[in-house]
Amino acid sequence: LQNAEVIQLAKGFDPHLLRTLMVLTKPDLVESGTESEVVGAALDMGLPLHVVRCRGMQDREASVSAVKMREKEKDFFASKPIWHKFGDNT
């Protein structure tokens, strides 16, 4: 997690981190078996956490539509138990 510098920067604008949230991107690239460690480290920071699966280079080159990407994101969150609580269940 690239957080120390970012948190210090955020504190310059939000000293008590009351309006700050953490965004974890590319959870699909987290090495298998280390997901719990990554999620734990993120949650230990005590900030609200939002996780997004962004389009990768392959998806961009294939011109995958936004609708299809949203489907892929939902499928990802549904298929990996550690990420269930971060997926959109709607």
Side-chain angles (χ1 to χ4, degrees):
L1 296 172
Q2 302 285 327
N3 57 39
E5 290 179 44
V6 173
I7 294 299
Q8 292 310 310
L9 182 63
K11 282 183 177 180
F13 296 93
D14 182 15
H16 302 291
L17 300 176
L18 299 175
R19 298 174 296 143
T20 302
L21 65 96
M22 178 181 289
V23 178
L24 188 123
T25 63
K26 302 180 184 177
D28 52 316
L29 299 183
V30 172
E31 187 175 336
S32 183
T34 65
E35 297 96 337
S36 292
E37 183 180 329
V38 170
V39 169
L43 292 174
D44 284 347
M45 296 192 68
L47 295 172
L49 177 62
H50 184 76
V51 183
V52 294
R53 183 187 177 277
C54 304
R55 282 194 319 171
M57 183 60 73
Q58 223 174 14
D59 292 325
R60 286 192 298 272
E61 288 175 352
S63 298
V64 175
S65 72
V67 171
K68 182 65 177 168
M69 269 313 302
R70 183 71 175 128
E71 265 180 46
K72 289 176 80 170
E73 183 181 51
K74 282 184 175 186
D75 291 346
F76 170 79
F77 284 112
S79 70
K80 306 279 185 172
I82 188 94
W83 302 113
H84 282 188
K85 61 182 150 192
F86 303 109
D88 179 2
N89 297 321
T90 58

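Just so we're clear, the structure is a prediction, and the values are computed from it rather than from any experiment.
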Item to check | Residue pair Asp28 / Trp83, side-chain heavy-atom distance below 4.5 Å | outcome: no

Checklist entry - Any side-chain heavy atom of Val30 sitting closer than 4.5 Å to one from Ile82? => result no

Compile the donor-acceptor pairs under 3.5 Å between side chains in residues 12-26 and protein atoms, sequence neighbours left out, one pair per line.
unit_1, atom_1, unit_2, atom_2, d
Asp14, OD1, Leu17, N, 3.4
Asp14, OD1, Leu18, N, 3.1
Asp14, OD2, Leu18, N, 3.0
Asp14, OD2, Arg19, N, 2.5
Asp14, OD2, Thr20, N, 3.1
Asp14, OD2, Thr20, OG1, 2.7
Arg19, NH2, Phe13, O, 3.0

Item to check | Non-neighbouring partners of Ser65 that pass side-chain contact (heavy atoms from CB on, under 4.5 Å), sequence neighbours left out | outcome: Val67, Lys68

Item to check | Cluster check Val39, Ile7: I/L/V/M/F/W/Y, side chain < 4.5 angstrom | outcome: yes

Checklist entry - Among the clusters formed by ILVMFWY side chains lying less than 4.5 Å apart, do Met45 and Val52 turn up in the same one? => result no

Checklist entry - Under 4.0 Å between a Lys/Arg side-chain N and an Asp/Glu carboxylate O for Arg70 and Glu73? => result yes

Checklist outcome for this item: Rounding to 0.5 Å, atoms CZ (Arg53) and CE (Met69) come to a distance of 4.5 Å

Next on the checklist: Closer than 3.5 angstrom, by distance alone: can the side chain of Glu35 be matched with the main-chain N or O of Gly33 as a donor-acceptor pair?
Outcome noted: yes

